Q: 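Before anything else, here's the structure in question.
Each chain gets a letter, A, B and so on, in the order its sequence line appears, and its residues count up from 1. This one's a predicted model, so the numbers in the text were calculated from it and none came from an experiment.
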Amino acid sequence: MIAGILAAPLALAQDAATAAAPVAAPAPGAFSKEIDSGATAWMIVASVLVLLMTPGLALFYGGMVRRKNVLSTFLHSFIMMGIVSIVWMLVGYTIAFGHTDNGWIGDFKNALGHVPFNTPGEEASRIPAALYMLYQMMFAIITPALISGALAERMKFSAYVIFTTVWLVVVYCPVACWVWNSNGWANKMGALDFAGGTVVHLASGMAALAAAIMLGKRKSLVQKEPILPHSLPLTLLGGGLLWVGWIGFNAGSATDVNPVAISGFAATQLAAAAGMLGWMLTEKLRFGKPTALGAASGLVAGLVAITPASGYVDMLPGTFIGLAAGVICSFAVSLKSKFGFDDALDVVGVHGVGGFLGAILTGVFASVLINHDAVEPAMKAGRGALIMHQFLAAVVIGAFSFAASLLILAITKLITKGLRATEEE
Amino acid sequence: MIAGILAAPLALAQDAATAAAPVAAPAPGAFSKEIDSGATAWMIVASVLVLLMTPGLALFYGGMVRRKNVLSTFLHSFIMMGIVSIVWMLVGYTIAFGHTDNGWIGDFKNALGHVPFNTPGEEASRIPAALYMLYQMMFAIITPALISGALAERMKFSAYVIFTTVWLVVVYCPVACWVWNSNGWANKMGALDFAGGTVVHLASGMAALAAAIMLGKRKSLVQKEPILPHSLPLTLLGGGLLWVGWIGFNAGSATDVNPVAISGFAATQLAAAAGMLGWMLTEKLRFGKPTALGAASGLVAGLVAITPASGYVDMLPGTFIGLAAGVICSFAVSLKSKFGFDDALDVVGVHGVGGFLGAILTGVFASVLINHDAVEPAMKAGRGALIMHQFLAAVVIGAFSFAASLLILAITKLITKGLRATEEE
Amino acid sequence: MIAGILAAPLALAQDAATAAAPVAAPAPGAFSKEIDSGATAWMIVASVLVLLMTPGLALFYGGMVRRKNVLSTFLHSFIMMGIVSIVWMLVGYTIAFGHTDNGWIGDFKNALGHVPFNTPGEEASRIPAALYMLYQMMFAIITPALISGALAERMKFSAYVIFTTVWLVVVYCPVACWVWNSNGWANKMGALDFAGGTVVHLASGMAALAAAIMLGKRKSLVQKEPILPHSLPLTLLGGGLLWVGWIGFNAGSATDVNPVAISGFAATQLAAAAGMLGWMLTEKLRFGKPTALGAASGLVAGLVAITPASGYVDMLPGTFIGLAAGVICSFAVSLKSKFGFDDALDVVGVHGVGGFLGAILTGVFASVLINHDAVEPAMKAGRGALIMHQFLAAVVIGAFSFAASLLILAITKLITKGLRATEEE
Amino acid sequence: MVKIEAIIRPQKLEAVQAALEELDFHGMTVTEVRGMGRQRGATYTYRGSQYTLSLGSKLKVEVVVLDGAQEEVIDAIVKSAQTGEVGDGKIFVTQLADVVRIRTGERGEASLS
Amino acid sequence: MVKIEAIIRPQKLEAVQAALEELDFHGMTVTEVRGMGRQRGATYTYRGSQYTLSLGSKLKVEVVVLDGAQEEVIDAIVKSAQTGEVGDGKIFVTQLADVVRIRTGERGEASLS
Amino acid sequence: MVKIEAIIRPQKLEAVQAALEELDFHGMTVTEVRGMGRQRGATYTYRGSQYTLSLGSKLKVEVVVLDGAQEEVIDAIVKSAQTGEVGDGKIFVTQLADVVRIRTGERGEASLS
Ligand SMILES: Nc1ncnc2c1ncn2[C@@H]1O[C@H](COP(=O)(O)OP(=O)(O)O)[C@@H](O)[C@H]1O
Ligand SMILES: Nc1ncnc2c1ncn2[C@@H]1O[C@H](COP(=O)(O)OP(=O)(O)O)[C@@H](O)[C@H]1O
Ligand SMILES: Nc1ncnc2c1ncn2[C@@H]1O[C@H](COP(=O)(O)OP(=O)(O)O)[C@@H](O)[C@H]1O
């Protein structure tokens with residue numbers, strides 16, 4: 001009732017719009033003819049798979065914290081499904097993928113959900129623009145959720161909400177514009193990032209580093225008590241869902257049903273497998289036996305590193321990238337105690353390091369045989385130049401995310417009077 | 001062996017049939033040419049997504065009950081996957097979607113699995129009829145499972161099985177015929193229900209109300225002990241799976257890959273997000289802080305309310321519908337203690353109220369820009385008339401489900417000598 | 001860094017390859033024209049669904065063991081995702097599906113990931129060969145994982161890894177060649193196995209029998225303590241994920257979007273449902289009440305038995321096959337105590353017996369109305385001959401898997417100095 | 001001071017709590033335990049086999065009171081926890097040497113008030 | 001009457017149960033506890049760091065018997081729960097002031113029979 | 001020998017452990033319990049209704065020591081487990097009749113060393 005009354009003006013406005021202003025007009029209910037029904041079917045499903053990654057991440061992280069913090073850790077992931085969906089539709093998408101001439105930030109033509117349902121946009125030519133917006137929405141949901149692993153078990157909920165929302169708009173959306181927008185500066189420079197090794201993983205990894213530093217250590221760590229994961233089966237299950245969803249993430253980044261999508265699928269599957277084995281072998285050699293947490297961590301490390309490379313590399317190099325990530329990230333997570341920051345669930349060691357590694361190896365292995373249209377122009381100045389561009393994009397974006405995150409956290413701290421939760425919460 | 005012997009006559013009969021009676025003949029293994037492979041691919045997946053909602057519901061409900069009742073609560077959902085699949089294939093589908101001239105109940109031409117695999121039926125023109133039957137089977141599975149939330153922790157298993165099976169055939173199938181069959185009376189009247197706000201949610205919500213009243217309160221409630229959820233992470237995870245599956249539920253209801261499906265997807269995603277935020281904000285204002293259960297409840301409330309509207313409304317109105325549902329349902333669930341019935345897991349407050357709200361708001365916001373073919377005729381007599389039709393259909397169906405449920409429960413009670421489980425069970 | 005250095009030669013080699021040797025050349029990034037985008041979209045998703053079955057199996061098995069063994073049981077499934085993906089890409093696929101003239105083993109042309117991304121292979125004409133390779137990879141992952149149920153709670157991890165890896169290459173890949181390769185001997189003989197009743201379930205069931213015998217009983221069983229499942233809700237949830245994934249397994253085995261895929265979906269759904277009801281009814285009659293574990297076991301039994309038959313049978317026979325499996329397997333699992341082997345989670349009783357039953361009933365019910373192309377030639381010598389061929393293929397493959405498994409286990413025992421884990425592990 | 005340690009059925013906890021609160025005893029400590037006696041634990045059917053657990057679920061309720069209150073507390077527990085069927089549980093009574101309230105360091109009777 | 005409270009290794013429960021049943025003692029109450037002594041808890045490796053828990057899993061088995069049965073019960077427990085390695089546990093014996101059977105209200109020795 | 005049974009706040013376990021180790025007492029047995037006293041349990045809000053649990057989470061720490069060590073141990077626990085707010089817990093002291101070390105069968109004081 002009340003809603004009905006409140007809604008009346010909105011409806012009237014809409015009736016008026018019906019008559020007068022078909023801005024994002026999806027017209028008579030049919031797709032324009034570039035759109036392919038198979039590609040569109042696949043991209044709906046790919047979006048759903050990426051959406052599923054966020055509950056998967058909740059499980060993955062939730063299993064690693066202490067029992068008393070499971071629920072708050074779950075909520076860190078789930079709340080992103082609520083906040084980011086809305087913010088992305090209102091302003092995020094247009095900042096990242098609105099038409100841009102400057103290469104730094106999109107124009108605001110696609111704000112407030114003004115994205116057509118029946119014609120393609122600039123980035124994906126065989127599916128409707130609104131579907132691409134939804135697909136990218138799922139990326140925007142999981143990226144800030146990834147950061148939550150670093151601040152688990154101690155950040156105030158209100159501070160978390162403010163920090164991630166601002167970070168999304170101020171860091172993630174512009175970075176996505178630079179790398180993926182057809183006119184983004186990094187894109188034009190020739191840096192390759194198929195599904196977000198830099199945009200998603202390196203950016204969130206560096207934000208995680210900033211957060212871990214700003215928040216300080218968890219109390220128990222200060223007291224030198226071990227903090228043990230309360231349920232590794234949950235973590236493994238979460239790892240399984242992440243793997244499954246990641247196929248939508250990487251193969252879906254072809255935004256079409258084509259050989260690139262299939263090669264992206266193959267590289268993703270193999271890198272996840274190789275990452276798992278790489279991490280477990282390293283454990284076997286370093287500590288005498290492999291662990292279940294190693295299996296879960298390794299598969300995620302493999303997936304992170306293959307993210308920028310999938311769709312550009314063949315099966316054997318894909319396997320190698322996963323293996324390298326499993327080995328290197330398993331060493332990287334041991335370093336945090338040396339550096340003295342408390343990145344609770346190793347976002348820096350896995351997503352930061354893995355994302356950076358993947359960005360570089362993408363330059364090393366990208367092949368014109370796999371993705372001629374993208375790799376050929378990027379290789380114009382030779383493989384050395386490509387690797388340099390990869391390096392440059394990664395460093396600039398990593399540094400930007402780190403610096404901006406520190407700043408946002410400092411401001412958040414003022415607003416919420418401290419970043420840390422009290423014992424009670 | 002034994003099975004082989006038992007089966008022999010059946011096989012012989014089938015060999016005979018091979019020669020003589022190609023009733024539902026899927027002939028030479030190819031689709032008729034109206035059928036689109038992309039649309040069919042999407043609808044297989046949409047069916048799978050809706051199927052996944054039932055395990056999701058088991059988690060959602062299972063997390064909210066006390067530990068000792070988890071298994072029985074899980075079984076309430078899972079057993080529907082067994083019973084309803086068979087009943088739907090045998091008689092349910094044909095009652096709901098068989099050809100009808102009277103508008104109240106389908107003829108029996110499609111009973112016993114007689115539905116072609118290679119040609120479309122009346123309701124969905126670009127996919128094979130058997131796939132539409134399977135897709136709708138998944139709806140028929142989850143609807144009675146939804147009711148189980150009201151009778152959790154106290155109904156006898158045998159009584160539950162009898163009640164839900166009879167309810168499916170006597171309430172759900174006819175109501176689906178009225179609203180969705182191309183000749184159903186509510187459909188012809190011009191009432192809009194894209195994916196089942198009235199058929200699924202309002203009908204199950206009112207059945208839940210009947211069941212809560214007939215069953216009386218749980219013993220502990222009578223003794224004023226609090227009954228606490230045993231595992232909210234399970235509930236959140238279940239909420240996540242419901243969200244994911246619901247995209248198949250709503251976007252799939254377009255039964256095609258077209259702009260309507262994409263708009264249905266967008267509205268669903270945004271309403272779930274807005275429902276989550278709406279419920280949590282209300283909690284923040286009413287009780288000082290948002291909760292994880294509020295997040296899960298709110299997203300479901302948003303999804304319930306958008307169910308009838310998705311595919312008819314644009315993104316902003318979709319967001320508004322979700323938000324309204326989050327706020328209103330969060331108040332609605334507080335009312336049950338006032339009315340004194342024990343709707344254990346708030347099926348009435350979420351599905352009943354949310355379904356009704358969604359039905360009305362569908363009338364308010366349905367737009368010809370989004371779905372010209374369906375909204376244009378429904379709006380012939382103006383938006384006021386559409387809203388009246390929405391209201392009428394909702395009231396008739398709600399009242400029918402409530403009254404019929406009371407009756408079925410009364411009869412079940414006689415058969416099973418009481419509806420309530422003993423302490424032991 | 002280090003990885004970069006290590007990788008340099010690989011990259012150089014690849015650059016060379018770019019110039020000279022486009023072996024599995026996916027060329028200009030477009031599909032050859034036989035490939036259908038809808039079919040390809042569906043098969044990517046079907047692959048993802050089958051991949052999801054392995055985490056589902058981890059849950060299914062994990063819920064049935066004692067708390068202290070959950071993690072090791074989970075890892076038994078997850079590690080297969082790591083090992084098998086790589087082994088399959090390197091050699092497994094080519095053994096099973098490489099071109100063969102002898103009908104026993106494929107040639108090595110498709111080893112080391114040499115499978116094209118843009119043209120179809122011999123087995124599936126409307127999707128790219130690399131996608132078929134990935135789809136079959138998921139089958140190869142879950143099959144050895146199934147065996148783990150028999151050796152739960154007592155096998156040494158290193159022995160498990162060696163046994164399953166060797167079994168995959170020496171048993172699974174050749175058997176898949178015999179039955180599914182277009183020139184496999186069982187295939188040419190006219191034996192039908194749509195999605196792996198014999199290849200997957202009977203083969204793993206007989207390997208499980210061998211393992212249960214070689215390993216001996218769990219210590220507690222020797223001491224006559226009951227070993228109780230620690231969390232049946234996990235098992236039910238796992239059963240739900242298996243069901244959902246199995247639709248990809250069976251309907252996907254059509255490798256296309258066509259009437260056979262739809263009939264496979266229908267038969268799968270109905271058999272799972274009927275299996276659940278069959279097992280629960282048997283429990284009701286034998287023990288007075290149905291159980292949740294019975295529901296989960298029954299649905300899996302139904303799915304196992306319909307696996308070879310789906311895609312060949314209509315809805316009613318499909319329902320009957322599921323029902324028969326539910327009843328018969330529920331008796332079969334009671335026999336193990338009679339025979340004195342400790343098949344911990346009943347792989348033999350469910351997958352062995354169910355797979356055999358399904359193979360025979362496929363012969364009984366396969367219908368040209370459902371799948372003319374496959375059933376017509378297989379029935380040339382009449383239904384009796386078909387049933388004989390089914391029987392023959394099942395017996396040969398079952399016996400081969402059993403004998404080879406005994407041998408592999410004996411060798412593994414030498415290598416790992418015993419098969420059983422110590423108390424500690 | 002005495003410690004009264006009652007093993008009761010889990011579903012009787014609220015009744016015992018209520019009975020004690022009526023007598024104005026508000027302190028107690030509760031532990032989940034498993035017990036065996038004349039009564040055996042639950043019987044389960046799994047995949048066609050029946051299992052009987054030797055141990056059933058119980059709660060241990062510990063109440064420390066002054067010597068004089070012993071009888072009235074035992075009476076209240078017996079009455080509120082009784083069903084009359086085998087498995088109702090036992091009460092064990094022990095003499096305490098001392099009691100301390102951690103918050104204040106108070107000793108003996110004072111620490112209980 | 002005495003309460004014999006044994007802290008044992010979890011895997012020894014069945015053996016202790018069997019030993020007591022042989023002597024015809026059927027009553028006992030079991031609690032999950034964590035213990036520390038000479039023996040330390042388990043060591044875990046997580047993501048490259050090693051953690052040692054100070055506390056390990058144990059079970060507390062409480063058996064109440066008549067004074068005269070004390071020695072035979074202690075003997076049975078010691079024999080059945082022993083492995084000879086550090087961490088086998090301890091037995092604590094306390095004198096009880098009274099025992100009540102809730103079902104009947106019986107007191108003292110009668111309540112144990 | 002005496003058994004010192006302390007009911008403490010869960011978050012104080014490490015502090016108590018540390019305090020005892022400093023005095024060179026390494027043996028203890030810990031049980032998860034729920035307690036009620038002046039302090040009530042946590043309050044939850046679920047779907048718009050508020051619930052207060054009567055019982056809150058506590059840990060029971062049992063330490064068996066020679067009679068002479070009683071005061072020093074009580075002191076250490078009180079100091080390390082105190083917050084000064086209601087709900088800090090209680091310590092109950094019981095005289096033991098005997099102690100046995102299962103591993104060796106040693107009795108009395110020897111079994112504790
Ligand atoms: N001798 C004993 N020592 C310790 N606990 C006992 C003893 N006898 C009984 N109990 C506890 O009391 C509970 C109830 O005892 P039981 O003999 O089954 O019933 P009842 O006391 O009604 O005869 C048991 O489950 C156990 O926890
Ligand atoms: N002083 C004590 N007070 C209470 N419990 C103790 C004490 N000493 C040992 N325990 C319990 O006994 C268990 C075994 O003791 P421990 O010293 O490790 O081995 P052992 O008795 O074989 O020398 C401990 O885990 C603890 O539960
Ligand atoms: N009379 C009692 N008998 C048994 N346990 C008690 C008793 N009184 C208190 N306790 C235990 O001590 C804990 C703390 O007691 P409480 O009265 O809340 O605080 P304080 O001791 O600081 O006054 C309780 O939660 C309960 O576990």
Q: For each of C/Leu51, C/Leu234, C/Thr73, tally heavy-atom pairs with chain A at distances under 4.5 Å, and name the one with the top tally.
A: C/Leu51
Q: Main chain of C/Asn110, side chain of C/Thr94: is a donor-acceptor contact present, judged purely on distance under 3.5 Å?
A: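 Judged by distance alone, yes, a pair lies under 3.5 Å.
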Q: Pick one of side chain, backbone, both or neither for A/Ala292, based on which atoms fall under 4.5 Å of a heavy atom in chain C.
A: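 Both backbone and side chain of A/Ala292 come within 4.5 Å of chain C.
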Q: Under a 3.5 Å cutoff, is there a donor and acceptor pairing between the side chains of A/Ser330 and A/Arg286?
A: no
Q: Does any N or O in the side chain of A/Thr319 come within less than 3.5 Å of the main-chain N or O of A/Ala271, such that one atom is a donor and the other an acceptor?
A: no
Q: Holding to ring pair (Phe, Tyr, Trp, His ring centres under 6.0 Å), I want the full list of residues that pass it with C/Tyr160, two or more places apart in sequence or in another chain.
A: C/His76
Q: Is chain A contacted by the side chain of C/Leu237, its backbone, both, or neither, given a heavy-atom distance below 4.5 Å?
A: neither
Q: Taking side chain as everything from C-beta outward and backbone as N, CA, C, O, which of these in A/Ile387 sits under 4.5 Å from a heavy atom of chain C? Side chain, backbone, both or neither.
A: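 Nothing of A/Ile387, per the 4.5 Å heavy-atom cut-off to chain C.
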Q: Counting a contact as any heavy-atom pair under 4.5 Å apart, which residues of residues 240-248 of chain C contact chain A?
A: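 Checking residues 240-248 of chain C against chain A gives no residue, so none.
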Q: Mind checking whether A/Phe365 and A/Tyr312 have ring centres under 6.0 Å apart?
A: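 Centroid distance A/Phe365-A/Tyr312: not below 6.0 Å, so no.
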Q: Hey, are A/Asp314 and A/Ser367 close enough side-chain-wise for a donor-acceptor pair under 3.5 Å?
A: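 Per modelled atom types, A/Ser367 and A/Asp314 side chains form no pair under 3.5 Å.
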Q: Just give me the residue among C/Thr54, C/Leu71, C/Val48 that pairs up with chain A most often, heavy atom to heavy atom, under 4.5 Å.
A: C/Leu71
Q: Can you tell me which portion of A/Leu277 sits under 4.5 Å from chain C's heavy atoms? Options are side chain, backbone, both or neither.
A: side chain
Q: Relative to chain A, which segment of C/Ala130 carries a heavy atom at a distance below 4.5 Å: side chain, backbone, both, or neither?
A: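 Contact with chain A involves both backbone and side-chain atoms of C/Ala130.
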Q: Could you tell me which non-hydrogen atom of A/Pro290 sits nearest to which non-hydrogen atom of C/Phe157, and how far apart they are?
A: CG-CE2, 4.0 Å
Q: What part of C/Ile44 is in contact with chain A, defined as an atom under 4.5 angstrom from a non-hydrogen atom: side chain, backbone, both or neither?
A: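 Both the backbone and the side chain of C/Ile44 come within 4.5 Å of chain A.
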Q: Quick check: does any side chain N or O of C/Arg126 sit under 3.5 Å from a backbone N or O of C/Thr40, one acting as donor and the other as acceptor?
A: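 No, because the side chain of C/Arg126 does not come within donor-acceptor range (under 3.5 Å) of the backbone of C/Thr40.
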Q: I'd like to know if the side chain of A/Gln390 reaches the main chain of A/Ala359, judged simply by a donor and an acceptor atom lying under 3.5 Å from each other, with no hydrogens or angles considered.
A: yes
Q: Return yes if some donor-acceptor pair links the side-chain N/O of C/Arg66 with the main-chain N/O of C/His230 below 3.5 Å, else return no.
A: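 No; zero donor-acceptor contacts below 3.5 Å.
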Q: Quick one: what part of A/Met280 sits under 4.5 Å from any heavy atom of chain C, side chain, backbone, both or neither?
A: side chain
Q: Under a 4.5 Å heavy-atom cutoff, which of A/Gly298, A/Ala251, A/Ser263 has the most pairs with chain C?
A: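 Going by pairs under 4.5 Å, I would pick A/Ser263.
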Q: Could you tell me if the side chain of A/Phe194 sits less than 4.5 Å from the side chain of A/Val260, heavy atoms only?
A: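 Side chain of A/Val260 against side chain of A/Phe194, heavy atoms only: contact under 4.5 Å found.
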Q: Using a 4.5 Å heavy-atom cutoff, which residues in residues 82-91 of chain C come close to chain A?
A: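 So the qualifying residues are C/Gly82, C/Ile83, C/Ser85, C/Ile86, C/Met89, C/Leu90.
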Q: Using heavy-atom distances under 4.5 Å, tell me whether A/Asp36 contacts chain C through its side chain, its backbone, both, or neither.
A: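 The side chain, not the backbone.
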Q: Please answer whether the main-chain N or O of C/Ala145 pairs with a side-chain N or O of C/Ser148 as donor and acceptor at a distance below 3.5 Å.
A: yes
Q: Can you list the residues that meet the ring pair (Phe, Tyr, Trp, His ring centres under 6.0 Å) rule with A/Trp42, with sequence neighbours excluded?
A: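 Ring pair (Phe, Tyr, Trp, His ring centres under 6.0 Å) list for A/Trp42, sorted by chain: empty.
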Q: Before giving the answer on side chain to side chain contact (heavy atoms under 4.5 Å, CB included), spell out for A/Val313 and A/Ile306 the whole-Å C-alpha distance, their side-chain angles and the decisive distance to 0.1 Å.
A: CA-CA 9 Å; A/Val313 302; A/Ile306 201 66; 4.3 Å; yes
Q: Please check: side-chain N/O of A/Glu283 versus main-chain N/O of A/Thr291, any donor-acceptor pairing under 3.5 Å?
A: yes
